[in-house]
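Reading through the structure tokens given below for one structure.
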Amino acid sequence: MNNQKQQKPTLSGQRFKTRKRDEKERFDPTQFQDCIIQGLTETGSDLEAVAKFLDASGAKLDYRRYAETLFDILVAGGMLEMSQKITSLTHTAPGGTLADDLMRTDVCVFAAQEDLETMQAFAQVFNKLIRRYKYLEKGFEDEVKKLLLFLKGFSESERNKLAMLTGILLANGTLNASILNSLYNENLVKEGVSAAFAVKLFKSWINEKDINAVAASLRKVNMDNRLMELFPANKQSLEHFTKYFTDAGLKELSEYVRNQQTIGARKELQKELQEQMSRGDPFKDIILYVKEEMKKNNISEQTVIGIVWSSVMSTVEWNKKEELVAEQAIKHLKQYSPLLAAFTTQGQSELTLLLKIQEYCYDNIHFMKAFQKIVVLFYKAEVLSEEPILKWYKDAHLAKGKSVFLEQMKKFVEWLKNAEEESESETEEGD
């Protein structure tokens, strides 16, 4: 009995010491780092073993408090010291380096092989860790933002590995595309670091998914129209962007940005066009502006006639009564005929306009009976000519309201055909 009583304090003291050591590991950043690095060193380069070690360690180490330290180690091999080097009164040049006199490990992204397969394996480590400890999501996102902001402190090889890893993690949804905001740092852009990093990042991202998935992610965070900002202001042109990324093997990204630029230019053109019309600017000024925009942004006449038609139809409050709206439409469109005629100089543009009219009259039910009257008006005003109208009637019309509109146009089309035959007959007699 006495022996048992003597043993109890010893066991109790042991538990107390163990608890104190666990608490020290849990709440002291240096101890936390040493525990993680020691564990990683013991697992070696087996990344499955690394993932298991990290999973088990979360039960006794305070990942929530030391998320930054944890991710510093997994990426760079140890705690990073971030510094802001002052380059002027208003600008800073950030850089990141490993903290001196602290333990380090080679079981990390920066010490790994610089290839996609290795980075995919590391991505799995991060995925498993964050799936197991969901509260690490925010900490990891903050870590990547920080790493991107301090890219200049890393070697080119380290930046390449980080770019590949980031692209993979963006593809599998571990990271949100909003982290890319860090790449718009003025110094990173100015020195070409952002653009070079983006090449590696987008290559790995597109390799995992495709350009459509990448575009969708960028749209969600309103970054689909900001990619040009990866370059300094004096190089933010479509030509420079296209050449840079096409030469780097990212033609699909170049084409995507080109399309985005065109879409953006169209929206801007329509907005400005509507403002000019509402102000009552002279048609000659509006036509000049539109033609300049067409040339500058490489917008076709077929595209422009659709924009002009839409703008013209949106400048008026239409009557809700079917019997009155046709008269209102004819009066309104007669006024704007010279503007529309300026952008139907090609047969294809005329056909595009006919399809736009058909679509509009179908989508706005009060206009269903006005279709033929609008077409006749445009024929008389030389906005439309015989050939495109006949082609539309024969086989180029839309399915929308087809039977109604073809019936409306029947007599006019017959008249056009007869007029064309008479004209041909007169020409032959003259010969």
Side-chain angles (χ1 to χ4, degrees), residues 36-37 39-57 70-78 80 96 98 104-133 136-137 140-141 143-148 151 153-177 179-180 182-183 193-218 245-254 256:
I36 294 293
I37 288 178
L40 291 175
T41 303
E42 287 171 4
T43 61
S45 58
D46 182 353
L47 293 184
E48 284 192 18
V50 168
K52 288 177 183 175
F53 160 71
L54 292 170
D55 186 290
S57 297
L70 174 63
F71 292 127
D72 274 0
I73 295 166
L74 292 175
V75 173
L80 287 165
L98 278 170
R104 298 175 189 175
T105 177
D106 286 336
V107 185
C108 64
V109 172
F110 283 177
Q113 290 290 319
E114 188 184 324
D115 60 67
L116 201 56
E117 189 177 348
T118 304
M119 291 305 106
Q120 286 168 334
F122 264 100
Q124 283 302 309
V125 172
F126 287 104
N127 284 339
K128 288 175 183 176
L129 177 61
I130 291 166
R131 276 203 305 268
R132 177 69 176 83
Y133 300 101
L136 285 174
E137 279 183 354
F140 185 52
E141 197 169 289
E143 173 75 8
V144 175
K145 287 177 184 176
K146 177 190 76 174
L147 293 170
L148 298 190
L151 283 176
F154 309 134
S155 69
E156 184 180 351
S157 177
E158 288 168 346
R159 290 199 291 263
N160 289 343
K161 284 178 261 194
L162 182 59
M164 285 189 278
L165 177 68
T166 304
I168 296 163
L169 294 171
L170 283 165
N172 64 32
T174 303
L175 287 172
N176 184 286
I179 57 106
L180 299 177
S182 295
L183 291 179
V193 175
S194 293
F197 187 88
V199 166
K200 293 285 184 182
L201 182 149
F202 280 112
K203 275 188 174 179
S204 66
W205 193 353
I206 293 169
N207 180 69
E208 296 290 311
K209 292 283 189 179
D210 60 36
I211 190 61
N212 294 322
V214 171
S217 296
L218 292 172
F245 281 97
T246 301
D247 289 351
L250 282 164
K251 187 179 179 182
E252 58 266 71
L253 184 66
S254 297
Y256 166 70

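Computed from a prediction, not measured in an experiment: that's the story for all the values here.
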- Looking only at heavy atoms, which two atoms of Glu141 and Leu175 are closest? And how far apart? CA-CD2, 4.2 Å
- Judged by atom type as modelled, is there a donor-acceptor pair below 3.5 Å linking the side chain of Lys161 to the main-chain atoms of Ala112? yes
- Query: Does the Ser194 side chain pair with the main chain of Leu183, one donor and one acceptor, at a distance under 3.5 Å?
  - Reply: yes
- Query: Which atoms form the tightest heavy-atom contact between Ala76 and Leu80, and what is the distance?
  - Reply: CB-CD2, 3.8 Å
- Query: Any side-chain heavy atom of Met164 sitting closer than 4.5 Å to one from Gln120?
  - Reply: no
- Measure the CZ-CG distance between Phe140 and Leu70 for me, rounded to the nearest 0.5 Å. 10.0 Å
- Please say whether more than 12 non-hydrogen atoms of neighbouring residues, nucleotides or ligands are located less than 6.0 Å from NZ in Lys209. no
- Sub-3.5 Å donor-acceptor pair from the side chain of Ser217 to the main-chain atoms of Ala213, do we have one? yes
- Query: If you measure from the Lys or Arg side-chain nitrogens to the Asp or Glu carboxylate oxygens, is any gap between Lys146 and Asp72 under 4.0 Å?
  - Reply: yes
- Message: Are more than 12 heavy atoms, taken from residues, nucleotides or ligands other than Asp55, located less than 6.0 Å from that residue's CG atom?
- Response: yes
- May I have the step-by-step check of side chain to side chain contact (heavy atoms under 4.5 Å, CB included) for Thr246 and Ser254, ending in yes or no? CA-CA 6 Å; Thr246 301; Ser254 297; 3.0 Å; yes
- Given side chain to side chain contact (heavy atoms under 4.5 Å, CB included), test Ile211 with Leu253 step by step and report yes or no. CA-CA 7 Å; Ile211 190 61; Leu253 184 66; 4.0 Å; yes
- Task: Please examine the side chains of Leu170 and Asn176, heavy atoms only from C-beta on, and report whether any two atoms are closer than 4.5 Å.
- Result: no
- Task: Kindly give the heavy-atom pair with the smallest separation between Leu151 and Leu148, and that separation in Å.
- Result: CG-O, 3.1 Å
- Any donor and acceptor pair, going by atom type alone, linking the side chain of Glu158 with main-chain N or O of Ser155 inside 3.5 Å? yes
- Item | Closest approach of Ala49 to Thr43 (non-hydrogen atoms, all atoms of both residues) | O-CG2, 3.8 Å
- With sequence neighbours excluded, tell me which residues meet side-chain hydrogen bond (donor to acceptor under 3.5 Å, both in side chains) with Glu252. none
- Query: Between Ile73 and Cys108, is any pair of side-chain heavy atoms under 4.5 Å apart?
  - Reply: no
- Message: Do Phe71 and Leu147 have side chains that approach each other closer than 4.5 Å (heavy atoms only, starting at C-beta)?
- Response: no
- Thinking salt bridges, do Arg159 and Glu156 make one under a 4.0 Å N-O criterion? no
- Message: So, taking the atom named CG in Leu162 and the one named CD in Glu114, what distance separates them when rounded to the nearest 0.5 Å?
- Response: 11.5 Å
- What do the steps show when you test Leu218 against Leu180 for side chain to side chain contact (heavy atoms under 4.5 Å, CB included), and what is the final call? CA-CA 9 Å; Leu218 292 172; Leu180 299 177; 4.0 Å; yes
- Task: Apply side chain to side chain donor-acceptor pair (under 3.5 Å) to the pair Asn160 and Ser157, showing each step before the final yes or no.
- Result: CA-CA 5 Å; Asn160 289 343; Ser157 177; 5.8 Å; no
- Shortest non-hydrogen contact from Leu54 to Tyr133? O-CE1, 4.0 Å
- Item | Tyr256 (side chain) donor-acceptor with Lys251 (main chain) under 3.5 angstrom | no
- Task: Could you go through the side chain to side chain contact (heavy atoms under 4.5 Å, CB included) check for Leu116 and Ile168 one step at a time?
- Result: CA-CA 9 Å; Leu116 201 56; Ile168 296 163; 4.1 Å; yes
- How far apart are the closest heavy atoms of Leu40 and Phe53, and which atoms are they? N-CE2, 3.9 Å
- Query: Does the side chain of Leu169 come within less than 4.5 Å of Leu165's, by heavy atoms?
  - Reply: yes
Side-chain donor-acceptor pairs under 3.5 Å in residues 122-129, sequence neighbours left out?
| residue | atom | partner | partner atom | Å |
| --- | --- | --- | --- | --- |
| Asn127 | OD1 | Thr174 | OG1 | 2.4 |
| Asn127 | ND2 | Ala123 | O | 3.3 |

